[in-house]
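We name chains A, B, ... by the order of the sequence lines, and we start the count at 1 in each one. In this text the structure is predicted, and so the values were computed from the model without any measurement.
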2 protein chains.
Amino acid sequence: MVGLMINPLWLRTFRTLVDTGHFTKTAEKLFMTQPGVSQHITKLEDACDCALIKRDKKRFDVTEQGRLVYQYACQLDKSEEVLREQLVSDDPYAGKCRLACSGSLALMLYPKLLDLQCQHSQLILEVKAAPNQQILNEVQQGKVDIGIVTHIPNPALFDVETIGHEQLCLVLPATVNLAKVYRSDLLELGLISHPDAEHYLSLFFAQNSETCFDELLVSDIPVSGSINQIGQILEPVAKGLGFTVLPKSAIDSFHAPEKIMVFEAKTQVIETLHLVVKKGRNLPARFDTVSRKLQAHFNMSTSGS
Amino acid sequence: MVGLMINPLWLRTFRTLVDTGHFTKTAEKLFMTQPGVSQHITKLEDACDCALIKRDKKRFDVTEQGRLVYQYACQLDKSEEVLREQLVSDDPYAGKCRLACSGSLALMLYPKLLDLQCQHSQLILEVKAAPNQQILNEVQQGKVDIGIVTHIPNPALFDVETIGHEQLCLVLPATVNLAKVYRSDLLELGLISHPDAEHYLSLFFAQNSETCFDELLVSDIPVSGSINQIGQILEPVAKGLGFTVLPKSAIDSFHAPEKIMVFEAKTQVIETLHLVVKKGRNLPARFDTVSRKLQAHFNMSTSGS
DNA sequence: TTAAGTTGATAATTATTTGTTATGGTTGGC
DNA sequence: GCCAACCATAACAAATAATTATCAACTTAA
């Protein structure tokens, strides 16, 4: 490791030295004395470990390395200016937005968000599919900026806002083909599990406990398969290997709907979606843009269905 | 203007602080004391004129601005590393090469040099067409790295190397169509001038003084037009508006050769091409690459014709 | 709840760095 | 050849940075 770091002050001096071609004029321009300029150049040359100018009598030529350093100095200047601009301006259409949500939501939302990114190419969207608890953790740790979860978290740690609803459906293989589904059917088939399966299922049972699934516990159901890729969850179901629970939106996009059967529950199981942000964090303007886009989506889909 | 400049040392501290999440650990890692870390962060925040971390009891969260500055720090780190690499390595296939030569040479050489750039995309070629004297000036001032000129300049100021030859030709409108051209013809037509026309013409007269152009002086010839774009010089000649002198290579590429007539002089007028570099400047390796390419071109064209 | 042990902020002091003045050696113009 | 301009070096003063010492707030464990 080299002891010296390149000091931007030296770079500024070097830059004006190259521009003016005179040590004395550089000193004047930068409101410093001539020996100061000499010293800055010496320091910079030490830090770069090479000659930046070739001193020839009274004149000097910029060396090859000097040119590179000059270029670097210009670039640095520019970068810092850009940074300063970024620091003060809160551009609603530029910057990175990191969102975490369930796989099924990601499937729905990412295309919408990419539309937004197409309109504003400076707006970078990063969507991560994760189970509820992980979303909360990552929001808390600052690994993502906003999360969408299905139950209201600790209000001491998060700022929460409701943004939409999702209907949960029980999906079985089409081969089952029953008018009514009993607990024995589920126990026989087994669950095709996924990151949110247990949570969804417990909601389902809770709201339908007095119909066909009397007193069924999630822990009673054997797991007959598992996959954490939203697009593939229904594959084993279509093959008759088990059942699962998923939001309606995720089922609608399945490529072979004739091979699965969606069970119509007595009472619809609706899950509320909450936008969560780490408590006390005031997000920059671009998150409003994204948030508005999300809300537009959910308003449209609820009024549309 | 903001008083404080962003110090890379503060940035390094900030970066490790964000990475570790602890002031104390940062201090250990950077072989400094804990108050030093605190001070660096404070300084950096002052320089950025905004909070970079949000102190919450013992923990802290990186603010939006903090993220930007962190990103900036990483970028800076990378840049400096790249610079240091560039400073030590003398890559024969990367960097900028600025060449100045006559317009006709540029016409010939630039495509060849672009071939080189296609092979090595890091090698940036900048070719500038200029008259002889300007080339020498710019080489001297360091505005271009190498020049190609047609007469040997002051050896105290330049390092010179011969790299090739060019035949000069007198070009007249095809309508003239004479077996022999006399001084009166030239005086009547007038010269279509271009940056090197006077120089070329004086060479021509000097070597053919005892044939048809007895004692003709360049200053005697009226100028009937002028253009500094090599590709367009022959247009007025083709239209019968005047004559000019050009290197053979430039004439060969004219789109309407039937409208012009190249005068066959008694003694061929050959001009020697010299590669010039500012005296004492030792060029980096990439100039060897370019120089070799140039030499290959001239060797090929002389052996080929 | 309290006591011990961390952790980060602040103040005071010391060390280092930076910038200035003073000075001298070359160079180039007249 | 002399004078003025220019840059380098040295010595010193000013400013800055790092350290030690200390304190307050929180965490953990008894």
Check your understanding: Taking only residues two or more places apart in sequence, or in another chain, which ones meet B/Asp90 in a side chain to side chain donor-acceptor pair (under 3.5 Å)?
Key -> none

**Study point:** A/Lys293: partners by salt bridge (Lys or Arg N to Asp or Glu O under 4.0 Å), with sequence neighbours left out
**Key:** none

**Study point:** Note: B/Asp145-B/Lys96 ion pair, threshold 4.0 Å (strictly below)
**Key:** no

Review point. B/Asp220: what forms a side chain to side chain donor-acceptor pair (under 3.5 Å) with it, not counting sequence neighbours?
Key: none

Please tabulate, one pair per line, all N/O donor-acceptor pairs under 3.5 Å involving side-chain atoms of residues 60-69 of chain A, not counting sequence neighbours.
from, atom 1, to, atom 2, distance (Å)
A/Asp61, OD1, B/Lys278, NZ, 2.6
A/Asp61, OD2, B/Lys278, NZ, 3.0
A/Thr63, OG1, A/Ala51, O, 2.8
A/Thr63, OG1, A/Leu52, O, 3.0
A/Thr63, OG1, A/Gln65, N, 3.4
A/Thr63, OG1, A/Gly66, N, 3.0
A/Glu64, OE1, B/Arg286, NH2, 3.3
A/Glu64, OE2, B/Arg286, NH1, 3.0
A/Glu64, OE2, B/Arg286, NH2, 2.5

Exercise for review: Mind checking salt bridge (Lys or Arg N to Asp or Glu O under 4.0 Å) for A/Glu161 and listing every partner two or more places apart, or none if nothing turns up?
Suggested key: none

Check your understanding: What integer distance in Å separates B/Ile41:CD1 from C/dA9:P?
Key -> 9 Å

Practice item. Using five base pairs at each end, measure the axis-to-axis angle across the helix from C/dT1-D/dA30 to C/dC30-D/dG1 and round it to 10 degrees. Key: 30°

Check your understanding: Quick one: B/Leu17 CG to C/dA9 C1', roughly how many Å, whole number?
Key -> 14 Å

Practice item. List the protein contact pattern of nucleotides 19-30 of chain C with one symbol per nucleotide (5' to 3'): B for base contact, S for sugar-phosphate-only contact, - for none; contact means a heavy-atom distance under 4.0 Å. Key: BBBB----BS--

Exercise for review: May I have all residue pairs that pass salt bridge (charged side-chain N to carboxylate O under 4.0 Å, His left out) and include part of residues 130-140 of chain A, sequence neighbours excluded?
Suggested key: A/Lys128-A/Glu138

Review point. B/Asp159: what forms a salt bridge (Lys or Arg N to Asp or Glu O under 4.0 Å) with it, not counting sequence neighbours?
Key: B/Lys279

Check your understanding: Does the pair B/Arg55/B/Glu45 count as a salt bridge with the N-to-O cut at 4.0 Å?
Key -> yes

What pairs of donor and acceptor atoms, side-chain ones from residues 22-33 of chain A against any protein atom, are under 3.5 angstrom apart with sequence neighbours left out?
from, atom 1, to, atom 2, distance (Å)
A/Thr26, OG1, A/Thr20, OG1, 2.9
A/Thr26, OG1, A/His22, O, 2.6

Check your understanding: OP1 or OP2 of C/dG8 less than 4.0 angstrom from a side-chain nitrogen or oxygen of B/Ser38, does that happen here?
Key -> no

Review point. Want to settle it: does A/Asn7 or B/Gly21 sit nearer the 5' end of DNA chain C, counting the closest nucleotide to each?
Key: B/Gly21

Review point. Does a nitrogen or oxygen in the side chain of B/Thr24 sit under 4.0 Å from OP1 or OP2 of C/dT6?
Key: no

Study note, to complete from the structure: To the nearest angstrom, the CD-P distance between B/Glu28 and C/dT6 comes to 12 Å

Practice item. With sequence neighbours excluded, tell me which residues meet side chain to side chain contact (heavy atoms under 4.5 Å, CB included) with B/Leu157. Key: B/Gln140, B/Asn154

Review point. If you walk 5' to 3' along DNA chain D, what is the first nucleotide with an atom under 4.0 Å of a heavy atom in chain B, and what is the last?
Key: D/dA17 to D/dC26

